There are 2 protein chains.
Amino acid sequence: MEANRPDTATRILDVAEQLFVEQGFEATSLRMITQQAEVNLAAVNYHFGSKDALFESVFQRRLAPLIASCLAELDQLEAKEEHPSVESLVMTFIRPCLALSKDPARGGALFVRLLSRTLVENHRLLRETISQQYSVFVQRYTRAFRHALPEFGVEELAWRMHFAFSVMFNAFAGNDVLKIFFRSQIVTARDPDMIVKHLVPFVVAGLVAPVPG
Amino acid sequence: MEANRPDTATRILDVAEQLFVEQGFEATSLRMITQQAEVNLAAVNYHFGSKDALFESVFQRRLAPLIASCLAELDQLEAKEEHPSVESLVMTFIRPCLALSKDPARGGALFVRLLSRTLVENHRLLRETISQQYSVFVQRYTRAFRHALPEFGVEELAWRMHFAFSVMFNAFAGNDVLKIFFRSQIVTARDPDMIVKHLVPFVVAGLVAPVPG
DNA sequence: GTCTATACCGTGATAGAC
DNA sequence: GTCTATCACGGTATAGAC
């Protein structure tokens with residue numbers, strides 16, 4: 001009796017998420033997905049349109065709540081304090097990422113890595129959809145940081161935010177840019193709390209650094 | 001008369017570099033490469049072994065000199081000053097990247113973007129080869145930064161360097177993590193000098209930030 | 001509406017003739 | 001070294017069953 005067997009579409013989503021996270025997008029074939037999900041090959045194109053669109057669906061299912069969490073934290077912080085510090089603003093972004101990475105039911109740490117990596121890599125799959133959907137996210141953070149860092153012009157602030165989110169996403173992506181060179185001797189700890197502990201001082205210092213000259 | 005027509009292998013390398021840079025690795029097929037290079041399809045596998053190996057060759061041809069330039073700058077700096085500043089150390093890395101990105105004959109800005117992106121993405125193609133070949137690079141910079149930042153333990157220093165190189169590679173990759181959200185309103189300037197001008201203060205501040213507590 | 005079987009064309013790789 | 005032929009596998013499209 002397969003009473004509570006999920007939707008075909010849901011089963012595809014679940015299996016696809018797992019395989020994308022474990023093996024990457026390119027390395028995962030539709031035939032692997034449909035076989036493991038026990039559905040027909042054509043079901044993917046029927047329900048999602050294409051492999052690209054499937055990836056987008058997998059992605060959105062997790063990203064939307066994450067963004068919502070960040071904005072909620074931001075609201076909460078701004079309701080509490082008139083002038084939130086840069087560090088507390090940074091934390092409204094980091095905390096939800098951390099929470100997501102500790103929740104296996106929502107993909108866990110592996111999904112945060114997929115998410116970050118995909119954003120960092122600027123995947124063609126996401127450019128249009130995401131940018132339209134989540135411009136609120138950037139607008140809200142831009143406004144918040146503008147108040148916290150009034151000495152910067154809009155352009156300087158945009159650069160700072162760009163760099164800051166770059167480091168943070170990269171840290172969560174767990175790619176260890178230097179590990180390519182370092183081999184195994186260093187930074188083996190994948191513990192997200194450890195990442196944050198070292199990450200926050202770096203990001204905050206970079207954000208508040210005075211413009212030279 | 002095709003007197004100075006380059007090697008088959010060289011022609012493949014040149015065309016492949018151009019196409020990889022313009023369209024990305026996955027989007028570039030061997031058939032496109034061999035057709036444009038006017039060589040037979042099988043020539044790629046004969047000369048390079050596989051598409052993956054071809055990418056690696058394309059990559060190494062530019063990376064090796066770049067790394068050499070960085071180390072040369074580092075040598076020069078350390079010969080001149082007993083205790084180089086963090087900023088001057090950072091610049092020994094940034095200057096060669098900048099120079100490469102302005103040299104069309106070596107792939108130019110587009111190649112720097114490909115290079116950075118590939119490192120940031122931690123491509124499977126590079127993990128083994130690169131890490132073995134360029135561990136010197138990391139060792140030299142680690143030693144240099146250890147002298148410039150003696151207050152940090154090895155672990156803290158590794159994190160800082162990891163973050164620092166993350167931002168720098170990302171900046172050169174030109175991915176604009178935030179651009180995904182920002183759309184066009186911001187940071188449109190692709191001028192490498194502009195990047196550096198804003199990048200350096202951020203990175204240096206992050207590197208030298210005191211450990212909290 | 002949902003699912004299935006199957007065919008199509010492009011991909012990277014390879015064996016063997018020259 | 002080079003080329004042709006061929007392979008297995010990839011994503012996709014469609015006709016038709018339920």
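Since the structure is predicted, the reported quantities are computational estimates derived from the model, not experimental observations. Note that these values count all heavy atoms, side chains included, but never hydrogens, waters or copies made by symmetry.
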Worksheet item: Between A/Asp193 and A/Lys102, is there a salt bridge with N-O shorter than 4.0 Å?
Response: yes
Fill in: Test item: side-chain donor near acceptor, B/Gln18 and B/Glu22, under 3.5 Å
yes
Discussion item. For a 4.0 angstrom threshold against heavy atoms of chain B, report the outermost contacting nucleotides of DNA chain C in 5' to 3' order.
Written reply: C/dT11 to C/dT14
Worksheet item: Could B/Arg5 and B/Glu38 be called an ion pair, given the rule that one side-chain N must be under 4.0 Å from one carboxylate O?
Response: yes
Discussion item. Heavy atoms within less than 4.0 Å of DNA chain C: which residues of residues 42-54 of chain A have one? Give them sorted by number.
Written reply: A/Ala42, A/Tyr46, A/His47
Give every donor-acceptor pair under 3.5 Å between a side-chain atom in residues 63-78 of chain B and any protein atom, sequence neighbours left out.
residue: B/Ser69; atom: OG; partner: B/Pro65; partner atom: O; Å: 3.2
residue: B/Glu73; atom: OE1; partner: B/Arg95; partner atom: NE; Å: 3.1
residue: B/Glu73; atom: OE1; partner: B/Arg95; partner atom: NH2; Å: 2.9
residue: B/Glu73; atom: OE2; partner: B/Arg95; partner atom: NE; Å: 3.3
residue: B/Asp75; atom: OD1; partner: B/Arg140; partner atom: NH2; Å: 2.4
residue: B/Glu78; atom: OE1; partner: B/Arg140; partner atom: NH1; Å: 3.2
residue: B/Glu78; atom: OE1; partner: B/Arg140; partner atom: NH2; Å: 3.4

Practice prompt. May I ask you to decide if the ring planes of B/His198 and A/Trp159 are parallel, tilted or perpendicular, using 30° and 60° as cut-offs?
Written response: parallel
Discussion item. Give me each pair satisfying salt bridge (Lys or Arg N to Asp or Glu O under 4.0 Å) with a member in residues 156-172 of chain B, each pair once, sequence neighbours excluded.
Written reply: B/Glu156-B/Arg160
Worksheet item: Between B/Phe111 and B/Phe59, how do the two ring planes meet: parallel, tilted or perpendicular, split at 30° and 60°?
Response: tilted
Item to complete: Could you give me the stems involving DNA chain C, meaning stretches of three or more consecutive Watson-Crick or G-U wobble pairs whose two defining distances are both below 3.5 Å?
Response: C:1-8 with D:11-18, C:10-18 with D:1-9
Worksheet item: Do B/Thr118 and B/Phe25 have side chains that get closer than 4.5 Å, going by heavy atoms?
Response: no
Fill in: Heavy atoms from other residues, nucleotides or ligands near CD of B/Gln35 exceed 12 (cutoff 6.0 Å)
no
Worksheet item: What is the ring orientation for A/Phe93 with A/Tyr141, classed by angle as parallel under 30°, tilted 30 to 60°, or perpendicular over 60°?
Response: perpendicular
Discussion item. Quick test of your reading of the model: are A/Asp103 and A/Arg62 salt-bridged, counting only N-O distances below 4.0 Å?
Written reply: no
Fill in: Side chain to side chain, A/Ile12 and A/Leu54, heavy atoms closer than 4.5 Å
yes
Fill in: Earlier contact from the 5' end, DNA chain D, for B/Ala9 and B/Leu41
B/Ala9
Worksheet entry | Selection: residues 16-35 of chain A, any non-hydrogen atom under 4.0 Å of DNA chain C | none
